[in-house]
Amino acid sequence: MTSEERELLEKMKAVMAENEALKMKNQELMKFLEESKTWKTIRESIICPKLKERYGDGDNMHTTLANAIGGIIKEYLGVSRLTEINTLNYDQAKEMSLAILEAIQKFEWPKLIELQKYWEKHSDIYR
């Protein structure tokens, strides 16, 4: 093995170790997020993952739909901002979000399917 190859191998090992550390940090942050009782917790640890599971790729579309669900929740709870979701109203917001999500997931999402086909066709740009 040449010195260049050894150097490249060491760099790859360092990148892989850093990647593993970042994965662990991400898991810690997700756990913390799941434990906090905020709208962001509902959106990031419940709604978006369920949408990804049901519909596949489409993070920006998942966030857009989660925000629309947030608007409904906001109106029903009588809060002016989603940041007002806290320990007092979190459980109700979560249950309502899950109920809305359950109803929505019964249907196909034509716009997202169209976008996924486009993204796949242009995977050199979007991946």
Side-chain angles (χ1 to χ4, degrees):
M1 185 179 288
T2 68
S3 63
E4 282 182 10
E5 291 171 330
R6 277 193 293 274
E7 185 179 320
L8 184 59
L9 184 60
E10 289 302 314
K11 285 181 181 179
M12 286 176 56
K13 286 180 182 178
V15 168
M16 289 173 68
E18 181 182 8
N19 187 38
E20 202 57 39
L22 289 171
K23 283 181 185 178
M24 291 176 66
K25 181 68 174 174
N26 191 33
Q27 287 175 344
E28 290 173 23
L29 291 172
M30 263 318 259
K31 184 177 180 189
F32 174 75
L33 180 62
E34 290 170 1
E35 292 171 355
S36 67
K37 293 195 171 199
T38 64
W39 170 252
K40 186 172 183 174
T41 302
I42 295 170
R43 186 185 71 216
E44 298 299 326
S45 67
I46 298 171
I47 296 174
C48 288
K50 285 186 178 292
L51 289 171
K52 183 171 184 137
E53 181 183 313
R54 166 65 170 89
Y55 297 107
D57 287 339
D59 292 342
N60 58 339
M61 295 291 288
H62 299 161
T63 302
T64 300
L65 186 56
N67 290 338
I69 292 170
I72 295 168
I73 301 304
K74 190 171 71 169
E75 289 300 317
Y76 269 84
L77 293 179
V79 296
S80 59
R81 296 183 316 265
L82 290 170
T83 55
E84 294 176 35
I85 293 175
N86 54 40
T87 56
L88 299 175
N89 53 18
Y90 174 83
D91 290 332
Q92 186 178 9
K94 178 181 170 183
E95 292 305 314
M96 291 174 68
S97 297
L98 287 169
I100 293 168
L101 197 54
E102 186 178 318
I104 289 170
Q105 289 181 324
K106 292 178 183 177
F107 303 95
E108 289 300 317
W109 194 349
K111 179 64 177 174
L112 182 57
I113 292 168
E114 177 184 324
L115 285 171
Q116 288 168 336
K117 288 177 183 174
Y118 180 81
W119 296 331
E120 187 62 34
K121 182 177 179 184
H122 301 285
S123 61
D124 56 324
I125 297 171
Y126 292 102
R127 301 278 180 222

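For K111, the side chain to side chain contact (heavy atoms under 4.5 Å, CB included) partners are M61, W109, E114, L115, not counting sequence neighbours. Residues meeting the side chain to side chain contact (heavy atoms under 4.5 Å, CB included) test with T64, sequence neighbours left out: none. Scanning for side chain to side chain contact (heavy atoms under 4.5 Å, CB included) contacts around K117 gives I113, with sequence neighbours left out. Evaluation of the side chain to side chain contact (heavy atoms under 4.5 Å, CB included) rule for M1 yields E5, R6, L9 as partners, not counting sequence neighbours.
L8 belongs to a hydrophobic cluster with M12, counting contacts under 4.5 Å between side-chain heavy atoms of Ile, Leu, Val, Met, Phe, Trp and Tyr, direct or through other members.
Counting heavy atoms from C-beta on, the side chains of N67 and R43 come closer than 4.5 Å. R54 has its side chain within reach of E108: a pair of non-hydrogen atoms, C-beta onward, lies under 4.5 Å apart. The side-chain heavy atoms of I69 and W39, taken from C-beta on, include a pair separated by under 4.5 Å. Taking the side chain as every heavy atom from C-beta outward, L112 and H62 approach each other to under 4.5 Å. With contacts defined as side-chain heavy-atom distances shorter than 4.5 Å, the pair I104/Y55 qualifies.
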Expected list for residues 92-102: side-chain donor-acceptor pairs under 3.5 angstrom, two or more places apart:
{"unit_1": "S97", "atom_1": "OG", "unit_2": "A93", "atom_2": "O", "d": "2.8"}

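The two residues Y90 and I42 make their nearest non-hydrogen contact at CE1-CG1, 3.5 Å. Considering all non-hydrogen atoms of both residues, Q105 and K50 come closest at NE2-O, 3.1 Å. Shortest non-hydrogen contact noted between G56 and Q116 is C-NE2, 3.6 Å.
Distance check, rounded to the nearest 0.5 Å: NZ of K40 to OG1 of T83 gives 12.5 Å. Taking CD of E20 as the start and CE of M16 as the end, the distance is 8.5 Å to the nearest 0.5 Å.
Side-chain atoms of E84 never come within 3.5 Å of backbone atoms of L77 as a donor-acceptor pair (strictly under, hydrogens ignored).
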